[in-house]
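Here the structure is laid out as structure tokens; the discussion comes afterwards.
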Protein chains: 2
Amino acid sequence: MNQDSILRSLVADNLVSDPAGARGRLLHEAAKLFRDKGYERTTVRDLAAAVGIQSGSLFHHFRTKEEILKAVMVETIRLNTALMQAAVDAANTHRDKLQALIRAELESINGQTGEAMAVLVFEWRSLSEESQVHVLELRDIYEQLWLEVLETLRQDGVLAADPFVVRRMLTGALSWTVTWYRPDGGLTLDDLTAQVVAMMGLTSL
Amino acid sequence: MNQDSILRSLVADNLVSDPAGARGRLLHEAAKLFRDKGYERTTVRDLAAAVGIQSGSLFHHFRTKEEILKAVMVETIRLNTALMQAAVDAANTHRDKLQALIRAELESINGQTGEAMAVLVFEWRSLSEESQVHVLELRDIYEQLWLEVLETLRQDGVLAADPFVVRRMLTGALSWTVTWYRPDGGLTLDDLTAQVVAMMGLTSL
DNA sequence: GACGATACCAAGCAAGCGCTTGGTTTGTAA
DNA sequence: TTACAAACCAAGCGCTTGCTTGGTATCGTC
């Protein structure tokens with residue numbers, strides 16, 4: 001399963017909007033605007049203009065502005081959970097599984113879904129509490145993937161720290177790359193992955 | 001120099017507002033509101049109500065709402081730079097200096113200045129570009145402290161990764177603790193510091 | 001080629017926003 | 001006591017916001 005086929009399968013199951021369709025294009029533009037200007041500073045007029053319609057027409061597709069934010073987050077988590085799962089399955093050793101997870105998360109943050117991932121991190125508070133609960137349930141599945149791999153490394157005696165703490169630290173560290181990492185800066189995502197592994201003292205395994 | 005005397009010295013030099021004064025109290029309440037609701041969702045009426053005055057009276061102390069956000073950020077950086085400097089100076093070995101920095105940053109994020117630090121991380125985009133430039137200059141001083149210590153560890157052969165990358169990863173990891181760490185959760189800041197050091201494979205030194 | 005759903009437009013409403021204004025109270029010092 | 005500035009209030013202006021409304025294209029289907 002490569003990335004494209006994973007995406008197509010999710011689209012087929014109606015779990016993620018077709019990026020080529022009207023809804024998918026809007027969500028993509030919304031993610032960009034939300035990341036660049038923030039959710040609150042982005043007006044429905046901005047969103048409408050980005051896809052070339054009138055602001056009122058947005059409400060034919062979404063009932064509220066917040067529903068757009070939620071859709072961006074939900075679809076992003078669904079896609080990335082599937083990508084992570086595939087990355088873990090494809091790796092063999094425990095250490096390689098962790099490296100695959102790190103690499104996959106760096107890619108989701110700094111690649112195609114980067115805008116949406118940034119929104120997930122920085123616009124969290126703009127979601128209503130009810131929506132937060134719903135999105136959190138999805139995120140738990142995602143987190144479980146990480147914890148299982150980290151736990152095995154802990155049992156192998158390779159990881160000295162608590163898996164829960166490590167996962168949260170890695171969440172922060174990897175998310176934060178969105179604020180400084182630029183692919184054209186002479187550092188590839190593979191380099192970056194290697195740096196993280198090195199930082200954790202796992203290079204010589 | 002303990003924390004209190006550092007604060008007092010900055011207040012005396014007019015670099016930080018007296019927390020007991022009108023301006024200092026407003027900035028503290030503003031930081032809380034900005035963290036809890038976000039800058040955009042916080043109205044000048046909210047800010048005024050938090051200190052018990054009318055919304056229009058705010059503009060006797062600050063020319064614009066953004067000036068309040070900037071003041072929160074500037075004063076927080078000034079205070080924390082001084083605290084970090086003191087923490088580094090007080091430690092002896094290179095490894096202890098790093099541990100002192102980690103501990104100090106965790107404290108600034110999860111202690112007294114926590115609200116303001118969260119604002120610095122999550123409300124950055126709400127600052128005008130001109131203000132961002134000004135605040136960035138202050139932050140560079142702060143960052144230099146870290147880089148010097150990390151560089152020494154690198155030269156000692158203790159740190160395998162690039163100091164610049166490590167600092168940025170640590171920025172993210174430590175900042176992110178504000179979203180999940182709770183002092184009453186059975187994990188002290190000392191524990192947390194130890195976990196970070198362990199995660200970096202620096203325990204046995 | 002009539003029909004119904006889907007997608008959209010043009011216009012604007014009600015509410016909330018940052019900020020201004022003109023005037024009053026409070027604190028300080030001669 | 002007087003004088004003056006700093007601190008604050010009460011009211012509201014002008015603008016932007018999310019969203020609604022009533023109507024018009026567009027398109028697949030029988």
Side-chain angles (χ1 to χ4, degrees), chain A residues 11 14 17-73 119 123-132, chain B residues 11 14 17-73 119 123-132:
Chain A
V11 170
N14 239 5
S17 304
D18 185 350
R23 184 185 155 99
R25 280 209 320 282
L26 172 69
L27 290 180
H28 188 71
E29 294 299 323
K32 262 202 264 190
L33 284 166
F34 290 163
R35 183 200 53 179
D36 292 344
K37 311 176 50 168
Y39 172 76
E40 313 288 348
R41 284 176 116 94
T42 303
T43 69
V44 293
R45 287 163 181 83
D46 292 334
L47 292 168
V51 290
I53 60 175
Q54 292 293 106
S55 67
S57 307
L58 273 186
F59 295 89
H60 176 74
H61 300 278
F62 298 89
R63 271 179 308 175
T64 63
K65 182 188 171 191
E66 198 220 345
E67 201 171 285
I68 300 176
L69 177 63
K70 185 176 177 182
V72 167
M73 292 184 173
V119 170
E123 305 300 328
W124 180 250
R125 250 182 343 206
S126 296
L127 258 197
S128 67
E129 286 196 40
E130 308 95 77
S131 298
Q132 284 190 10
Chain B
V11 170
N14 238 7
S17 302
D18 185 348
R23 183 184 157 100
R25 280 209 321 279
L26 172 68
L27 290 180
H28 188 71
E29 293 299 323
K32 263 202 263 188
L33 284 166
F34 290 163
R35 183 199 55 179
D36 292 344
K37 312 176 50 169
Y39 172 76
E40 314 287 348
R41 284 176 116 94
T42 304
T43 69
V44 292
R45 288 164 180 83
D46 291 334
L47 292 168
V51 290
I53 59 175
Q54 291 294 105
S55 67
S57 307
L58 273 185
F59 296 89
H60 175 74
H61 300 277
F62 298 89
R63 272 178 308 175
T64 63
K65 181 187 171 190
E66 198 221 345
E67 202 171 284
I68 300 177
L69 177 63
K70 185 175 176 183
V72 167
M73 293 185 172
V119 169
E123 305 301 327
W124 181 249
R125 250 181 346 207
S126 296
L127 258 197
S128 68
E129 287 196 39
E130 309 94 78
S131 298
Q132 284 189 9

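Chain letters run A, B, ... following the sequence lines, proteins first, then strands; residues in each count from 1.
Rounded to whole Å, the distance from NZ on B:Lys65 to C1' on C:dG18 is 8 Å. Going from atom CG of B:Leu47 over to atom P of C:dC19 covers 11 Å, rounded to whole Å. Remark: P of D:dT17 and CZ of A:Arg41 are 11 Å apart, rounded to the nearest angstrom. When rounded to the nearest whole Å, the span between CZ of A:Arg63 and P of D:dT20 equals 11 Å. Separating the CG atom of B:Leu26 from the P atom of D:dA7 is a distance of 13 Å, rounded to the nearest angstrom. The CD-P distance, from B:Gln54 to D:dA6, rounds to 22 Å in whole Å. Computed from coordinates, the B:Glu40 CD to D:dT16 P distance equals 15 Å when rounded to whole Å. Regarding B:Ile53, its CD1 atom lies at a distance of 17 Å from the P atom of D:dA6, rounded to whole Å.
A salt bridge is defined here as a Lys NZ or Arg NE, NH1 or NH2 lying under 4.0 Å from an Asp or Glu carboxylate O, and A:Arg125 with A:Glu40 fails to meet this definition.
Under the 4.5 Å side-chain criterion, counting only non-hydrogen atoms from C-beta, A:Thr43 is in contact with A:Asp46.
Side chains of B:Ser17 and B:Arg23: a donor on one and an acceptor on the other come within 3.5 Å.
The residue among B:Gly52 and B:Ser55 whose nearest nucleotide of DNA chain D lies closer to the 5′ end is B:Gly52.
Closest non-hydrogen pair, B:Phe62 versus B:Glu67, comes out as CA-OE2, 3.7 Å. In terms of heavy atoms, B:Val119 sits closest to B:Arg35 at CG2-N, 3.8 Å. Closest approach of A:Ile68 and A:Ala30 over heavy atoms only: CG2-CB, 3.8 Å.
Proximity of A:His61 to the phosphate of C:dC8: a side-chain N or O atom is located under 4.0 Å from OP1 or OP2. Distances shown here put every side-chain N or O of A:His60 at or beyond 4.0 Å from the OP1 or OP2 atom of C:dC8. Considering only side-chain N and O atoms, A:Ser57 lies nowhere under 4.0 angstrom from the phosphate OP1 or OP2 of C:dA7.
A:Arg45 contributes a side-chain N or O that forms a donor-acceptor pair with the base of D:dG18 under 3.5 Å.
Using five terminal pairs a side, the axes of the helix from C:dG1-D:dC30 to C:dA30-D:dT1 at its two ends make an angle of 10°, given in steps of 10 degrees.
For the pair A:Lys65 and A:Phe59, the NZ or CZ position fails the cation-pi test of under 6.0 Å to the six-membered ring centre and within 45 degrees of the ring normal.
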